[in-house]
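Data block below; observations after.
We use all heavy atoms of the structure for the numbers below, so side chains are in, but hydrogens, waters and symmetry mates are not. Everything quoted here is computed from the prediction, not taken from an experiment.
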Amino acid sequence: MRKMMIAGNWKMHNDNAQAQQLANQIKIKTTAETNVEIVVCPTFTALSVVNDILKGSHVILGAQNMFWEAQGAYTGEISASMLKSCGVRYVILGHSERRQYFGETDETVNKRLRAVLENGLKAIVCVGETLEEREAGRAREVIDRQINGAFAGIDAAAFSAIVVAYEPVWAIGTGKTASPEQAQEIHAHLRQRIEERYGADTASALRILYGGSVKPANARELLSQPDLDGALVGGACLKAETFVPIIQTAGELSA
Ligand code: 13P
């Protein structure tokens with residue numbers, strides 16, 4: 001049985017004071033939600049202060065990206081050991097905003113993933129098609145290319161430290177959610193591809209999150225789909241009043 005995960009991607013929001021306040025509210029309001037894995041991913045600058053707040057709680061700290069080199073002349077980049085020293089355990093990789101605005105490719109996602117795994121961290125690997133690709137009937141093909149690229153040279157054993165997030169680009173920050181059926185179709189496809197490549201055990205243990213305009217009002221119908229194992233939440237994770245109900249819904253569905 002896969003444990004549901006609800007992860008909040010704070011993107012470029014919250015200075016340190018705001019981050020502390022939000023982390024504190026999430027911590028206090030989710031003490032009973034022990035059957036859901038809760039992850040918050042603040043900006044790099046807020047990782048340490050949020051880590052201090054989360055100590056002793058079951059809310060896990062994640063980062064939004066990581067560079068693959070251990071150290072060196074890479075101005076503006078952040079390494080695995082730096083993230084680990086802030087208490088980070090998960091790293092989001094290949095988010096569509098990184099691909100769209102910062103030149104991330106399947107190849108660089110793969111390099112980052114290898115570094116995450118070598119350093120004993122866990123990854124949330126994001127895939128998803130644009131509206132143009134969906135309308136051209138190419139959604140599956142795009143996702144296949146993304147997972148083939150991201151998982152090149154990665155063996156089945158590594159999947160215990162990998163979570164996949166399906167985030168259709170057209171549903172991110174648009175208020176336009178994939179229907180539960182659309183999401184389920186791609187999640188089932190993803191699991192099928194993983195099964196073909198890594199076997200049934202790896203595929204059935206893999207958690208596949210959905211992301212794209214998830215909010216309290218649509219969380220239940222999305223998370224009720226058999227191949228949806230949680231959510232990667234953007235806008236609705238910036239307030240405890242909208243993030244915590246999504247966690248509670250996941251908790252109810254896992255009971
Ligand atoms: P929204 O929930 O704001 O659509 O963002 C989703 C997302 O990109 C999470 O990584």
Side-chain angles (χ1 to χ4, degrees), residues 1-11 13-14 19 21-43 46-47 50-51 53-54 57-64 87-93 95-96 121-128 161-168 171-173 175 177-178 180 183-184 186-187 190-191 205-255:
M1 170 94 176
R2 301 183 291 266
K3 187 172 186 175
M4 283 249 194
M5 173 188 282
I6 303 295
N9 175 7
W10 294 10
K11 306 191 179 181
H13 292 282
N14 295 325
Q21 197 183 10
L22 178 57
N24 203 36
Q25 287 172 351
I26 293 167
K27 172 174 109 167
I28 291 166
K29 292 179 179 176
T30 59
T31 50
E33 303 301 332
T34 50
N35 51 4
V36 180
E37 194 165 18
I38 307 165
V39 183
V40 295
C41 305
T43 55
L47 288 172
V50 170
N51 186 43
I53 302 249
L54 297 182
S57 82
H58 59 266
V59 181
I60 299 171
L61 189 63
Q64 298 174 19
V88 165
R89 287 162 58 196
Y90 277 97
V91 186
I92 298 173
L93 295 178
H95 191 280
S96 62
L121 288 161
K122 295 182 175 188
I124 301 173
V125 178
C126 303
V127 296
I162 295 174
V163 173
V164 173
Y166 169 55
E167 298 205 311
I172 296 177
T177 320
Q184 167 58 26
I186 298 289
H187 282 233
L190 270 164
R191 204 178 299 286
L206 176 70
R207 286 180 297 180
I208 308 177
L209 314 182
Y210 169 77
S213 299
V214 176
K215 44 188 185 269
N218 60 25
R220 182 171 298 273
E221 54 171 4
L222 285 163
L223 296 177
S224 300
Q225 297 297 315
D227 286 295
L228 269 72
D229 308 309
L232 180 54
V233 185
C237 82
L238 296 174
K239 286 199 165 69
E241 304 91 82
T242 44
F243 190 49
V244 173
I246 298 171
I247 297 165
Q248 288 166 338
T249 298
E252 284 163 24
L253 292 170
S254 308

Worked check of side-chain contact (heavy atoms from CB on, under 4.5 Å) between L54 and V40: CA-CA 10 Å; L54 297 182; V40 295; 3.7 Å; yes

With a 4.5 Å heavy-atom cut-off, do R89 and L61 have their side chains touching?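 A side-chain contact is absent here, since even the closest heavy-atom pair is not under 4.5 Å.
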
Side-chain touch K11/I172, heavy atoms, less than 4.5 angstrom: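 Side-chain contact under 4.5 Å: yes.
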
Please tabulate, for the side chains in residues 243-255, all donor-acceptor contacts under 3.5 angstrom to protein atoms that are two or more places apart in sequence or on a different chain.
from : atom 1 : to   : atom 2 : distance (Å)
T249 : OG1    : P245 : O      : 2.9
E252 : OE1    : R220 : NH2    : 2.3
S254 : OG     : A250 : O      : 2.7

List in chain and number order the residues that pass salt bridge (Lys or Arg N to Asp or Glu O under 4.0 Å) with E221, two or more places apart in sequence or in another chain; answer none if no residue qualifies.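 By the salt bridge (Lys or Arg N to Asp or Glu O under 4.0 Å) rule, E221 matches no residue at all.
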
Do the side chain of H58 and the main chain of V36 share a donor and acceptor less than 3.5 angstrom apart?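 No, H58 side chain to V36 backbone: no donor-acceptor pair under 3.5 Å.
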
Hey, is the main chain of I53 close enough, under 3.5 Å, to the side chain of K27 for a donor-acceptor pair?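 Yes: the side chain of K27 pairs with the backbone of I53.
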
Give the intermediate values and the outcome of side chain to side chain donor-acceptor pair (under 3.5 Å) for residues H95 and E167. CA-CA 8 Å; H95 191 280; E167 298 205 311; 3.0 Å; yes

For a quick test of reading the model, state the closest non-hydrogen atom pair linking [X] to [Y] and the distance between them.
{"X": "A178", "Y": "Y210", "result": "N-OH, 3.0 Å"}
{"X": "V88", "Y": "L121", "result": "O-CD2, 3.2 Å"}
{"X": "I92", "Y": "C41", "result": "CD1-SG, 3.7 Å"}
{"X": "N218", "Y": "T177", "result": "ND2-OG1, 3.1 Å"}
{"X": "T34", "Y": "K3", "result": "O-NZ, 3.2 Å"}
{"X": "I124", "Y": "A165", "result": "CG2-CB, 4.0 Å"}

If I take atom [atom1] from residue [X] and atom [atom2] from residue [Y], how far apart are they, to the nearest 0.5 angstrom?
{"X": "I26", "Y": "Q21", "atom1": "CD1", "atom2": "CD", "result": "11.0 Å"}
{"X": "L209", "Y": "M5", "atom1": "CG", "atom2": "CE", "result": "6.0 Å"}
{"X": "L22", "Y": "C237", "atom1": "CG", "atom2": "SG", "result": "7.0 Å"}
{"X": "T43", "Y": "H13", "atom1": "OG1", "atom2": "NE2", "result": "10.5 Å"}

As a quick check of understanding, evaluate side-chain contact (heavy atoms from CB on, under 4.5 Å) for N14 and L238, giving each step before the final call. CA-CA 8 Å; N14 295 325; L238 296 174; 3.9 Å; yes

Decide yes or no on side-chain contact (heavy atoms from CB on, under 4.5 Å) for I6 and E33, but give the supporting numbers first. CA-CA 11 Å; I6 303 295; E33 303 301 332; over 6 Å; no

Can you pull out every salt bridge (charged side-chain N to carboxylate O under 4.0 Å, His left out) where at least one residue sits in residues 223-244? Sequence neighbours excluded, please.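 Found R2-D229, R191-D227, R191-D229.
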
Going through the checks in order, is the side-chain contact (heavy atoms from CB on, under 4.5 Å) test met by V39 and K122? CA-CA 12 Å; V39 183; K122 295 182 175 188; over 6 Å; no

